[in-house]
S.K.: 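Take this structure first; my questions come after.
Atoms considered below: every heavy atom in the structure, side chains included; atoms not considered: hydrogens, waters and symmetry mates.
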Amino acid sequence: MHNLGGGELTLSGVRLINGSGNGGGAIIVLGVLTLTDAVLDHNVVTGSGGAIFIEPGGTATISDSTFNDNEAALEGGAINNRAGTLIVYHSTFFNNQSGKRGGAIHSLSGVPDADLTVGHSIFSGNTAGPVAPSDGGAISNRSATGGGTATATVTDSIIVGNTADDDGGGVNNEAGAAGGVLATMTIIDSIVAGNSASAFGADINTEKTAGTGVDILSVTNTVFDVCENTNGVGACP
């Protein structure tokens, strides 16, 4: 199912199952998607975005929906947001898997920026791995080359029991390239606990991995275990 460039697609009360392809097994968003009261499960792709792939400049607003057992060989087991806008409310993400980053959601800036907003949602049993770097068992927010900004805000959500083979078992925030890129994550009134990572940041990891990139993490009224990079390059000490 494709949302054509510049167009708008609204879906409610649907189940999208057993999709496949290179990316976005159920939906590829080129324009504007509004998805409500939906179930997306067992979609499997050989690239990124097991269920949904948001192309640069695309916008997806998702509410009251469930993502179960979706899988991407690369990034974003359930959803891959590539330099678009993703808004998720009152939704659940269970047992999704990415081969690399973002077991449930991967948000990546380039040109243009990437914006991710998550509210009143639950993430559990999601996995990133085993292809290195396997970061962000539930959510990966990452800026890339080109001076782009990746902005993520998580509010009133539960992120528990997710796993990453490398960094950020629950959440990973990464300024991942040179060129003045910025990755900023804000977590408010949430629980990010009981996650696991083989390397750094069992629950939350933030870092810059190259050059002049900047990573910013703000956490308020949240239960968490944070690993914050202080050495400029590489993973948290």
Side-chain angles (χ1 to χ4, degrees), residues 1-14 16 23-40 43 48-68 70 72 75-94 96 98 101-110 112-123 126 136 138-143 148-159 170-173 182-190 192 216-218 220 222:
M1 182 177 295
H2 297 267
N3 182 12
L4 299 178
E8 296 186 10
L9 175 65
T10 299
L11 296 173
S12 180
V14 298
L16 304 177
I27 305 173
I28 298 174
V29 180
L30 299 171
V32 178
L33 169 70
T34 302
L35 185 67
T36 305
D37 191 26
V39 176
L40 293 88
N43 299 285
S48 298
I52 297 176
F53 191 109
I54 304 169
E55 293 279 5
T59 298
T61 301
I62 299 168
S63 60
D64 301 296
S65 295
T66 300
F67 292 77
N68 290 337
N70 300 287
E75 297 170 325
I79 304 174
N80 188 69
N81 175 34
R82 183 180 179 184
T85 299
L86 173 60
I87 301 168
V88 178
Y89 288 117
H90 299 286
S91 295
T92 56
F93 294 79
F94 295 140
N96 302 285
S98 65
R101 301 178 180 93
I105 296 175
H106 178 246
S107 188
L108 173 68
S109 75
D113 298 337
D115 292 295
L116 169 64
T117 301
V118 175
H120 302 278
S121 295
I122 299 173
F123 297 78
N126 303 288
I139 299 174
S140 169
N141 183 58
R142 182 170 175 262
S143 57
T149 298
T151 302
T153 302
V154 177
T155 307
D156 293 307
S157 294
I158 298 172
I159 302 174
V171 174
N172 195 67
N173 182 57
L182 172 65
T184 177
M185 174 166 283
T186 303
I187 304 174
I188 304 170
D189 297 329
S190 296
V192 188
I216 298 173
L217 172 68
S218 174
T220 305
T222 293

S.K.: My understanding is that only one of Phe93, Phe94, Phe67 makes a ring-ring contact (aromatic ring centres under 6.0 Å, His included) with Phe123; could you say which?
M.R.: Phe93
S.K.: Kindly compute the distance separating CD1 (Ile105) from CG (Asn96), expressed to the nearest 0.5 Å.
M.R.: 9.0 Å
S.K.: Would you find a donor on one side and an acceptor on the other, under 3.5 Å apart, between the side chain of Asp113 and the backbone of Thr149?
M.R.: yes
S.K.: Heavy atoms, side chains only, cut-off 4.5 Å: are Val29 and Glu55 in contact?
M.R.: no
S.K.: Are Thr61 and Thr34 close enough that a side-chain donor and a side-chain acceptor fall under 3.5 Å?
M.R.: no
S.K.: Does the side chain of Ser65 reach to within under 4.5 Å of the side chain of Leu35, using non-hydrogen atoms?
M.R.: yes
S.K.: Distance from Asn172 atom CG to Asn141 atom CG, nearest 0.5 Å?
M.R.: 9.0 Å
S.K.: Can Ile216 and Met185 be said to form a side chain to side chain contact (heavy atoms under 4.5 Å, CB included), step by step?
M.R.: CA-CA 6 Å; Ile216 298 173; Met185 174 166 283; over 6 Å; no
S.K.: Which pair of non-hydrogen atoms, one from Ser143 and one from Ala150, has the smallest distance, and what is that distance?
M.R.: N-CB, 3.9 Å
S.K.: When rounded to the nearest 0.5 angstrom, what is the spacing between CD1 in Ile159 and CD1 in Ile187?
M.R.: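 So the gap between those two atoms works out to 6.0 Å.
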S.K.: Give me the atom names and distance for the closest heavy-atom approach of Asn173 to Ala183.
M.R.: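 Taking every non-hydrogen atom into account, ND2-O, 3.2 Å.
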S.K.: With side chains defined as the heavy atoms from C-beta onward, is the minimum distance between Ile52 and Leu40 less than 4.5 Å?
M.R.: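 Touching, per the 4.5 Å side-chain cut-off.
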S.K.: OG of Ser218 to CD1 of Ile188: how many Å apart, nearest 0.5 Å?
M.R.: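 It is 6.5 Å, given to the nearest 0.5 Å.
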S.K.: What closest approach, in Å, do Asn43 and Ala26 show between heavy atoms, and which atom pair accounts for it?
M.R.: OD1-CB, 4.0 Å
S.K.: Judged by atom type as modelled, is there a donor-acceptor pair below 3.5 Å linking the side chain of Ser140 to the main-chain atoms of His106?
M.R.: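 Side chain of Ser140 to backbone of His106, a donor-acceptor pair under 3.5 Å: no, none is there.
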S.K.: For Ser98 and Gly77, indicate whether the former's side chain and the latter's backbone hold a donor-acceptor pair under 3.5 Å.
M.R.: no
S.K.: Which is it for Ser121 and Ser91 under the side chain to side chain donor-acceptor pair (under 3.5 Å) test, yes or no, and what are the steps along the way?
M.R.: CA-CA 5 Å; Ser121 295; Ser91 295; 4.8 Å; no
S.K.: So, Asp156 side chain and Gly119 main chain: donor-acceptor pair closer than 3.5 Å or not?
M.R.: no
S.K.: Using a 3.5 Å distance criterion without hydrogens, assess whether the side chain of Ser109 forms a donor-acceptor pair with backbone atoms of Ala114.
M.R.: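 Checked: no pair found.
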S.K.: Donor-acceptor pair, distance only, cut-off 3.5 Å: does the side chain of Asp64 make one with the backbone of Tyr89?
M.R.: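 Looks like no, no N/O pair under 3.5 Å.
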S.K.: So do the side chains of Ile27 and Leu11 get within less than 4.5 Å of each other, counting heavy atoms only?
M.R.: yes
S.K.: Do Val154 and Ile139 have side chains that approach each other closer than 4.5 Å (heavy atoms only, starting at C-beta)?
M.R.: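 Yes, their side chains come closer than 4.5 Å.
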S.K.: Once you round to the nearest 0.5 Å, how far does CD1 of Ile158 lie from NE2 of His120?
M.R.: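 It comes to 11.5 Å.
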S.K.: Could you tell me whether the side chain of Leu116 reaches within less than 4.5 Å of the side chain of Thr153, counting heavy atoms only?
M.R.: no
S.K.: Could you give the distance from CG (Asp37) to CD1 (Ile62), rounded to the nearest 0.5 Å?
M.R.: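 Going from the CG atom of Asp37 to the CD1 atom of Ile62 covers 13.0 Å.
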S.K.: Does the side chain to side chain contact (heavy atoms under 4.5 Å, CB included) test come out yes or no for Asp115 and Thr117, once each step is laid out?
M.R.: CA-CA 7 Å; Asp115 292 295; Thr117 301; 5.8 Å; no
S.K.: Strictly by modelled atom types, are Asn80 and Ser48 linked by a side-chain donor-acceptor pair under 3.5 Å?
M.R.: no
